[in-house]
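First up is the structure itself, then whatever we jot down about it.
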Amino acid sequence: GIQVEQSPPDLILQEGANSTLRCNFSDSVNNLQWFHQNPWGQLINLFYIPSGTKQNGRLSATTVATERYSLLYISSSQTTDSGVYFCAVSGSARQLTFGSGTQLTVLP
Amino acid sequence: EAQVTQNPRYLITVTGKKLTVTCSQNMNHEYMSWYRQDPGLGLRQIYYSMNVEVTDKGDVPEGYKVSRKEKRNFPLILESPSPNQTSLYFCASSLQADYGYTFGSGTRLTVV
């Protein structure tokens with residue numbers, strides 16, 4: 001199956017800082033999504049982005065499908081951005097495979 | 001409000017006592033799936049359903065059953081739960097398999 005690698009595994013930021021999270025995948029994909037798991041365990045869909053660029057407020061994402069990576073940008077981070085960020089992909093098998101996540105801590 | 005509803009949120013049960021975790025979505029989505037999340041192992045798919053009466057195994061189906069008799073409901077059944085099924089379970093739905101997923105709030109199951 002498709003392998004998904006996320007980096008960095010852990011990230012600690014001061015409030016107001018910007019950050020970039022990376023997701024590499026091993027094969028062509030039909031589906032790529034970014035999720036945020038908040039400290040209460042809820043999984044929130046941030047972006048559905050198998051290719052191209054999208055923006056939603058302080059968050060944006062870019063997927064370069066031909067080079068098999070996706071980036072999630074967080075600008076002017078806030079403490080409420082803390083949690084784990086997951087990248088998930090699926091290819092021809094249509095099973096969404098999750099990366100191991102980036103644990104983000106934003107300090108006040 | 002568009003949502004995926006899982007029940008219960010928390011459950012403690014004993015080994016061997018059959019249980020069902022319910023999942024319902026109000027978005028008329030065709031695709032539904034179940035995941036479990038474990039420390040160090042991440043999120044792994046248990047079963048998925050492409051549409052009514054169409055279900056298939058994910059990566060870790062052993063010990064679980066599902067059914068999809070109606071579009072909106074996709075219950076997860078543990079016929080004889082064991083302690084290794086202690087986990088955080090998520091149900092998800094999507095318009096189709098290759099679209100964005102909406103997750104339920106999770107069910108934290110403990111089997112003693």
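Note that these values count all heavy atoms, side chains included, but never hydrogens, waters or copies made by symmetry. Chain naming here is simple, since letters A, B, ... match the order of the sequence lines and numbering starts at 1 in each.
With a 4.5 Å cut-off on non-hydrogen atoms, Q95(A) touches chain B through its backbone and its side chain both. Within the 4.5 angstrom heavy-atom criterion, atoms from both the backbone and the side chain of Y101(B) approach chain A. When heavy atoms are compared at a cutoff of 4.5 Å, Q96(B) does not approach chain A at all. Residue L41(B) does not touch chain A at all, counting heavy-atom pairs closer than 4.5 Å. With a 4.5 angstrom heavy-atom cutoff, D56(B) does not touch chain A via any of its atoms. For S90(A), the part lying near chain B is the side chain, with the backbone staying farther off; criterion is any non-hydrogen pair under 4.5 Å.
Taking the six-membered ring for Trp, F47(A) and F35(A) have ring centres at least 6.0 Å apart. Checked against a 6.0 Å centroid threshold, the rings of Y47(B) and F74(B) do not count as neighbours.
Looking at Q6(B) and T107(B), their side chains do bring a donor and an acceptor atom within 3.5 Å of each other. With no hydrogens or angles considered, no side-chain donor-acceptor pair links Y35(B) and Y48(B) at under 3.5 Å.
Formation of a donor-acceptor pair under 3.5 Å by the T62(A) side chain with backbone atoms of T53(A) is not found in this model.
Heavy atoms only, all atoms of each residue included: Q14(A) and P108(A) are closest at NE2-O, 3.0 Å.
Every residue two or more places apart in sequence or in another chain that forms a side chain to side chain donor-acceptor pair (under 3.5 Å) with R44(B) is listed here: D38(B). Residues satisfying the side chain to side chain donor-acceptor pair (under 3.5 Å) test with R58(A), not counting sequence neighbours, are D81(A). Residues satisfying the side chain to side chain donor-acceptor pair (under 3.5 Å) criterion with E70(B), sequence neighbours excluded, are N73(B).
Between chain B and the residues N30(A), L96(A), N45(A), the most heavy-atom pairs under 4.5 angstrom are made by L96(A).
Contacts between residues 10-29 of chain B and chain A, counted as heavy-atom pairs separated by less than 4.5 Å, involve no residue at all.
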